[in-house]
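Only this structure's heavy atoms are used, side chains among them; waters, hydrogens and symmetry mates stay out.
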Amino acid sequence: SDEVYEDLCEKIEKLVYMPGERLSENELCKIYGGSRHIVRSAITRLKDRLLITVYPQRGTFVSLIDMRLVEKVLYLREALEQEAIRLLKFQTAEVRAEMVRQMWEMIGLQEKIIESRGDMDEFYKIDNAYHACLLRAVKKENVMDLISHHYIHVRRWRNFELGGTNRQMGLVEEHREITKALEQDLYK
């Protein structure tokens, strides 16, 4: 059941199963070689996570992307990062300098992926690592765990909305601006 659940989560996140797409329990049983009990258990967990919607007598569908939920999760992430920036003033210059160095490193790695038209999954892993630098510097690296359960909705939206665009370079530019500001603050 856990393996079926994890695989379905990944497929919903990566848009293998598109928002609004119908999921058949019978087909899922065939795909995973499991019983209806195993598939239903996974479906219940997906429903609890708001990734699927079950309509009695109509079927089971991949949930549409809930932009209100995406906005809430992004708002919380931004609030956490703003508080982390405020807390930076209590860190040593060495800690702040190391954070900025790591951020520039992440930016360089993202640029290489864009230039080589590389793996966007890797691009977004590095994006997460970029943001983690800030939280790690203020010893709050695990705080994102509080919203990680719902962060899959942000990743779905990002894959759906940004997957076919050149938004990645815009993200890198935003990271450059943030990092420049943090770097300038080191010398005040």
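- Between Glu71 and Arg68 there is no salt bridge, since no side-chain N of the basic residue sits under 4.0 Å from a carboxylate O of the acidic one.
- Rounding to the nearest 0.5 angstrom, the gap separating the NZ atom in Lys14 from the CZ atom in Arg155 is 9.0 Å.
- Taking CG of Leu23 as the start and NZ of Lys11 as the end, the distance is 10.5 Å to the nearest 0.5 Å.
- Side-chain contact between Ile113 and Lys125 is absent, with no heavy atoms from C-beta onward closer than 4.5 Å.
- Remark: the backbone N or O of Trp104 is not paired with any side-chain donor or acceptor of Thr179 at under 3.5 angstrom.
- In this structure, Asp2 and Arg45 have side chains that are in contact, with non-hydrogen atoms separated by less than 4.5 Å.
- For the pair Arg158 and Tyr124, the cation-pi criterion (under 6.0 Å, within 45° of the ring axis) is fulfilled.
- For Arg22 (side chain) and Arg58 (main-chain N/O), a donor-acceptor pair under 3.5 Å exists by modelled atom type.
- Note that CG of Asp121 and CD1 of Ile126 are 11.0 Å apart. Values are rounded to the nearest 0.5 Å.
- For the pair Phe123/Lys112, no side-chain contact is recorded, criterion being any heavy-atom separation below 4.5 Å from C-beta on.
- More than 12 heavy atoms of other residues, nucleotides or ligands lie within 6.0 Å of CD in Glu122, so this atom counts as buried by the packing criterion.
- A salt bridge does not link Lys180 to Glu183: none of the charged nitrogens lies less than 4.0 Å from a carboxylate oxygen.
- Between His175 and Tyr130, the ring planes lie parallel to each other; the angle is under 30°, not in the 30° to 60° tilted range.
- Environment of NZ in Lys47: sparse, with no more than 12 heavy atoms of neighbouring residues, nucleotides or ligands closer than 6.0 Å.
- Environment of CD in Glu78: sparse, with no more than 12 heavy atoms of neighbouring residues, nucleotides or ligands closer than 6.0 Å.
- Atoms CG and CD1, from Leu80 and Ile147 in turn, are 5.5 Å apart once rounded to the nearest 0.5 Å.
- Taking CD1 from Ile43 and CZ from Arg40, the interatomic distance works out to 8.0 Å, rounded to the nearest 0.5 Å.
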Q) After noting the C-alpha distance and the side-chain angles of Met18 and Val62, does the key distance pass the side chain to side chain contact (heavy atoms under 4.5 Å, CB included) rule? A) CA-CA 7 Å; Met18 294 295 286; Val62 176; over 6 Å; no
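- Residues Trp157 and Ile152 are not in side-chain contact: their nearest non-hydrogen atoms beyond the backbone lie 4.5 Å or more apart.
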Q: Apply side chain to side chain contact (heavy atoms under 4.5 Å, CB included) to the pair Leu88 and Met99, showing each step before the final yes or no.
A: CA-CA 10 Å; Leu88 276 174; Met99 175 198 69; 3.8 Å; yes
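- Linking Ile, Leu, Val, Met, Phe, Trp and Tyr residues whenever their side-chain heavy atoms come within less than 4.5 Å leaves Met103 and Val95 in two separate clusters.
- Hydrophobic clustering (side-chain heavy atoms under 4.5 Å, transitive across Ile, Leu, Val, Met, Phe, Trp, Tyr) groups Val4 together with Ile31.
- Note: Glu83 CD to Lys140 NZ = 8.5 Å, rounded to the nearest 0.5 Å.
- No continuous path of ILVMFWY side-chain contacts below 4.5 Å connects Tyr55 to Leu51, so the two sit in separate hydrophobic clusters.
- Checking side-chain atoms of Arg36 against main-chain N and O of Glu25 turns up no donor-acceptor pair under 3.5 Å.
- The shortest side-chain heavy-atom distance between Arg77 and Val154 does not fall under the 4.5 Å cut-off.
- The closest side-chain heavy-atom distance from Leu46 to Arg49 is not below 4.5 Å.
- In terms of heavy-atom proximity, Arg96 sits nearest to Lys89 at NH1-O, 4.4 Å.
- Of all heavy-atom pairs between Ser63 and Thr53, the closest is OG-OG1, 2.9 Å.
- Residues Lys72 and His150 fail the side-chain proximity criterion, which asks for heavy atoms closer than 4.5 Å.
- Hydrophobic clustering (ILVMFWY, side-chain heavy atoms < 4.5 Å, transitive): Leu28 and Val54 are in one cluster.
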Q: Could you give me the CA-CA distance, side-chain angles and deciding distance for Arg156 and His153, then say whether side chain to side chain contact (heavy atoms under 4.5 Å, CB included) is met?
A: CA-CA 5 Å; Arg156 284 181 72 209; His153 296 280; 4.2 Å; yes
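- Judged by distance alone, with hydrogens and angles left aside, the side-chain atoms of Ser41 form no donor-acceptor pair with the main-chain N or O of Ile38 at under 3.5 Å.
- No path of Ile, Leu, Val, Met, Phe, Trp and Tyr side chains, each step under 4.5 Å between heavy atoms, connects Val73 with Ile12, placing them in separate hydrophobic clusters.
- Contact detail for Gly20 and Phe61: the closest heavy-atom pair is O-CD2, 3.4 Å.
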Q: Could you check Tyr151 against Leu74 for side chain to side chain contact (heavy atoms under 4.5 Å, CB included), going step by step and ending with a plain yes or no?
A: CA-CA 8 Å; Tyr151 210 77; Leu74 290 175; 4.3 Å; yes
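- Residues Asp7 and Tyr32 form a side-chain contact, since some pair of their non-hydrogen atoms from C-beta on lies under 4.5 Å apart.
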